[in-house]
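My questions all concern the structure below.
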Amino acid sequence: MPTPFGIRRRIKRLFGLEQSHAPAEPEVPKVELLIVAPDGSEQKCSSAAGSSILGISANAKRPISSGCADSSCGTCRVEILEGAENLSAQAPRERATLKQSGHPMNLRLACTTGLERGSAKVKAFELM
Ligand code: FES
């Protein structure tokens, strides 16, 4: 029989005796990003697997600079130093933007490049 105001449940929760009926949340794997600044200093940050490099860098002290966040300006370009195999495939729009802005085609746009697993090391050209 339920008690008024759920006192029994509150007491059980307080002592950690209440059983949760909610299904356990699946644990999202983490990825690690090492950002090398133009001056050579390094910052390490992490986030959930599948996040964009730009999104992961938001957890750093000095995130990678961005302009449009939709792969059209090229501000967030980075050079991949390690972990290229852990990144999402390059989209046609990303290639088009790199070509239009005259950047080398081996660069990636941090706003559209996802870090799918493990870790990566990138050289940023502009930081906030
Ligand atoms: S922020 Fe503009 S291309 Fe990434």
Side-chain angles (χ1 to χ4, degrees):
M1 174 179 217
T3 54
F5 311 113
I7 290 173
R8 212 176 285 162
R9 193 173 343 144
R10 286 187 194 172
I11 292 172
K12 282 182 173 180
R13 195 178 306 142
L14 185 66
F15 290 102
L17 301 173
E18 187 178 57
Q19 290 182 348
S20 174
H21 298 289
E25 292 281 325
E27 198 168 305
V28 179
K30 294 274 182 194
V31 289
E32 292 207 344
L33 179 68
L34 186 62
I35 303 167
V36 180
D39 66 3
S41 63
E42 296 184 349
Q43 306 180 84
K44 203 174 205 174
C45 47
S46 65
S47 189
S51 303
S52 70
I53 289 176
L54 187 65
I56 300 168
S57 86
N59 297 327
K61 211 173 196 177
R62 292 188 64 206
I64 296 170
S65 292
S66 63
C68 63
D70 71 353
S71 72
S72 60
C73 71
T75 307
C76 65
R77 69 200 181 283
V78 292
E79 180 181 349
I80 309 302
L81 302 174
E82 292 173 19
E85 68 279 6
N86 296 331
L87 303 175
S88 61
Q90 198 173 37
R93 185 179 169 129
E94 184 182 0
R95 276 194 292 276
T97 299
L98 287 170
K99 193 174 180 181
Q100 269 182 338
S101 28
H103 297 306
M105 295 304 286
N106 64 338
L107 299 184
R108 297 295 307 265
L109 297 178
C111 64
T112 55
T113 304
L115 183 50
E116 307 290 343
R117 65 193 88 72
S119 61
K121 182 176 180 179
V122 301
K123 178 184 173 191
F125 295 92
E126 294 178 47
L127 295 176
M128 289 191 189

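These numbers come from the heavy atoms of this one structure, side chains and all, not from hydrogens, waters or symmetry mates. Just so you know, ligand 1 is whichever comes first in the structure, and atom 1 is the first atom listed for that ligand.
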Exercise: do Glu126 and Thr75 side chains pair donor with acceptor under 3.5 Å: no
Identified side-chain contact (heavy atoms from CB on, under 4.5 Å) partner of Ser47 from the options Val28, Ile53, Asn59: Asn59
ILVMFWY network linking Val36 to Leu127, side-chain heavy atoms under 4.5 angstrom: no
Atom 4 (Fe) of ligand 1: protein N, O or S atoms [distance under 2.8 Å]: Cys76 SG, Cys111 SG
Same cluster (ILVMFWY, side-chain, under 4.5 Å), Met105 and Val122: no
Arg117 side-chain N/O to Glu85 backbone N/O, donor-acceptor pair under 3.5 Å: yes
Closest heavy-atom pair and its distance - Ala110, Ile64: CB-CD1, 4.2 Å
